[in-house]
Amino acid sequence: MQDLIRTEPLTPEVFAPFGDVLEAGGEPDRIINRGLCGRWHDRGRLDFGPGGRAGISIFKAEPREMPYTLDMVERHPDGSQAFLPMSLDPFLVIVAPDEGGRPAPPRAFMTSPGQGINLLRNTWHGVLTPLAAPGLFAVVDRIGDTPNLEEHWFDSPYLIAFNR
């Protein structure tokens, strides 16, 4: 006869010797994106070498509606950034090529259920834009002491709509 192993509730305290529980419990550590997104910051114990490391954070962004007004993009010069949805809801992805240190006209993409993205270092992109609640994402990005955010505000915003 085999020994019986019973499941137990997964809590950060119980699981800590083995790893990290990634969840959006309690209040967010930071409110970002002009108050529309809560960030559960640096929730994973990853280490990727001197000068910076990868971290796992949980973002909870307010759902947005289409058509969407894009007035700002940002980029991260010191590292990539991955967005992994914690639901099967599609979300809007906005990117723009770089032209001499400024974003060129952006492109917009709609994900399919279950898709996440990884943005390469220094890629201009829109803010996290879920289209349905709960708007929960695991985000893997660089954690370090150097500034890793540059924003660009458009003089004239773009309107983004579904391709019909």
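- Partners of R34 by side chain to side chain donor-acceptor pair (under 3.5 Å), not counting sequence neighbours, listed by chain and number: D71.
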Using side chain to side chain contact (heavy atoms under 4.5 Å, CB included), reason through H125 and V93 one step at a time and then give a plain yes or no.
CA-CA 8 Å; H125 62 88; V93 177; over 6 Å; no

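- By the side chain to side chain donor-acceptor pair (under 3.5 Å) test, S87 is found to be paired with D89, residues two or more places apart in sequence or in another chain being considered.
- Under a hydrophobic clustering in which Ile, Leu, Val, Met, Phe, Trp and Tyr are joined whenever their side-chain heavy atoms come within less than 4.5 Å, directly or via other members, F154 and I160 fall into the same cluster.
- Scanning all heavy atoms of the two residues, the minimum distance from E151 to W124 falls at C-CZ3, 4.3 Å.
- Here the closest non-hydrogen pair linking H152 and P103 is CD2-CG, 3.3 Å.
- Only one option out of R75, R121, R102 pairs with E150 in a salt bridge (charged side-chain N to carboxylate O under 4.0 Å, His left out); it is R75.
- A single hydrophobic cluster is not seen to contain both V139 and I31; linkage of ILVMFWY side chains at heavy-atom distances under 4.5 Å, directly or through other members, places them apart.
- Cluster annotation: L128 is not connected to L88 through the hydrophobic network of ILVMFWY side chains, with a link wherever side-chain heavy atoms come within less than 4.5 Å.
- Residues Q81 and N118 are not in side-chain contact: their nearest non-hydrogen atoms beyond the backbone lie 4.5 Å or more apart.
- Linking Ile, Leu, Val, Met, Phe, Trp and Tyr residues whenever their side-chain heavy atoms come within less than 4.5 Å places I56 and L84 in a single cluster.
- With a 4.5 Å cut-off on side-chain heavy atoms, L36 and R64 count as touching.
- To the nearest 0.5 Å, the span separating CD1 on I32 from NE2 on H41 amounts to 10.0 Å.
- Taken together through direct or relayed side-chain contacts under 4.5 Å among Ile, Leu, Val, Met, Phe, Trp and Tyr, W153 and I94 form part of one hydrophobic cluster.
- Between D29 and R39, every side-chain heavy-atom pair lies at or beyond the 4.5 Å cut-off.
- Here the closest non-hydrogen pair linking Y158 and P106 is CZ-CD, 3.4 Å.
- No donor-acceptor distance shorter than 3.5 angstrom exists from the side chain of D78 to the backbone of N148, with no hydrogens or angles considered.
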Donor-acceptor contacts, no H, no angles, side chain residues 129-138, under 3.5 Å, sequence neighbours left out:
{"residue": "T129", "atom": "OG1", "partner": "V127", "partner atom": "O", "Å": "2.6"}

